[in-house]
Amino acid sequence: MKLAIVLSTQPAQFNAVAFKGDLEANIAKIAAWGYDGVELAIRDPRLVDGDALAALVQRYDLSVPAIGTGQAWGEEGLSFPDPDPAVRQAAIERVKSHIPLAARFDAVIIIGLLRGIVKPGVSQEQAMAWVVEALQECSAAAAPAGVRLALEPINRYETTLINTVRQGLDLIERVGAANFGLLLDTFHMNIEEPDMEESIRLAGDRIFHFHVADSNRWHPGAGHLDFASLLGTLFETGYEGFVSGEFMPEPDADTAAQRAIRFLRAIERELAPHAPQD
Ligand code: LER
Ligand code: MN
């Protein structure tokens, strides 16, 4: 099982990102604990020195399986269904601007909160139409670079657009791009999916990336989710991507990251020989 953990390249408000702050120190710790990759949360690629970042992850022999884009919503208010066309366009351009870095790392671009919410005065249909158009444009721009986009169904308390895997799959149909798929997150699925294993099977080969947090959004092992069953089901779909930890820095970031990898490696041994090995 290839394991990653979410790391922000700059200070951020989003509280389920365990690591923020000194990038190299965090990368060194994450590698030393045995992680295979870091998922980078990047608000704006213009703020990032791609060469330095590539050299850094290479030095610690880490992959970058995915790039998170949600800080552009959280810190700047960019989103696909904003009533202001300039904001919609800026959101599209921001996603496109991640493509070169994503291509360099062979990373999936995550569409999480950047897909937005239904704002006052905008109908659900109109919002969805803007989301579909934006995703078609971004997927088309990413395809020649071999980059994939993954939309994350997010629970109802964070967005009014695409809460469930079924809604995500309907969106995939409407967008109609081979490089557009889903990111499933166990925290959101636990809130929205009647049967999480069934939803994983339903998404099947459209699962482009996978986030793990326990029921309380602490590290896996801190709540009541059945990760042996969930990850076993995930690997039965043929998933060969990363399992990426996105959880609260509780009781603190270092402890959470170390407990998560210890817990997930034990599950890996339990699942063997079904789980892909490093
Ligand atoms: C981002 O991956 C996520 O899971 C959302 O909850 C962001 O708020
Ligand atoms: Mn997530």
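The model shown is predicted, which means the values in this text are computed figures rather than measured ones. In each ligand, atom 1 is the first atom listed, and ligand 1 is the first ligand listed.
Note that Arg148 lies in the cation-pi zone of Phe208, set by a 6.0 Å cut-off to the ring centre and a 45° limit from the axis.
When the heavy-atom distances from atom 2 (O) of ligand 1 to Glu152, His209, Arg217, His188 are ranked, the shortest goes to Glu152.
Within ligand 1, counting atoms from 1 as listed, the ones closer than 4.0 Å to a heavy atom of Asp185 are 4 (O). Interface of Glu158 with ligand 1, defined as ligand atoms under 4.0 Å from a residue heavy atom, comprises 5 (C), 6 (O), 7 (C), 8 (O). Near Leu113, the atoms of ligand 1 lying under 4.0 angstrom from a non-hydrogen atom of the residue are 7 (C), 8 (O). Ligand 1 places these atoms under 4.0 Å from at least one heavy atom of His211: 2 (O).
At a threshold of 4.5 Å between non-hydrogen side-chain atoms, the residues Asn163 and Gln167 count as touching.
Residue-level check: among N/O/S atoms of Glu246, OE1 sits closest to the Mn ion (ligand 2). The closest approach of Asp185 to the Mn ion (ligand 2), by N/O/S atoms, is made by OD2. Counting just the N/O/S atoms of Glu152, the one with the shortest distance to the Mn ion (ligand 2) is named OE2.
Checked by atom type and distance alone, the side chain of Asn190 never pairs as donor or acceptor with a backbone atom of Thr186 at under 3.5 Å. Side chain of Arg115 to main chain of Glu152: a donor-acceptor pair is present (N/O by atom type, distance under 3.5 Å, no hydrogens or angles).
Counting heavy atoms closer than 4.0 Å to ligand 1, residue Ile110 contributes nothing at all.
Ionic pairing of Asp254 and Arg259 is not present here: no N-O contact between side-chain nitrogen and carboxylate oxygen is shorter than 4.0 angstrom. Between Lys96 and Glu137 there is a salt bridge, since at least one side-chain N of the basic residue sits less than 4.0 Å from a carboxylate O of the acidic one. Ionic pairing of Arg166 and Glu193 is not present here: no N-O contact between side-chain nitrogen and carboxylate oxygen is shorter than 4.0 angstrom.
Taking 2.8 Å as the threshold, His211 counts as a candidate ligand of the Mn ion (ligand 2), since one of its N, O or S atoms lies below it.
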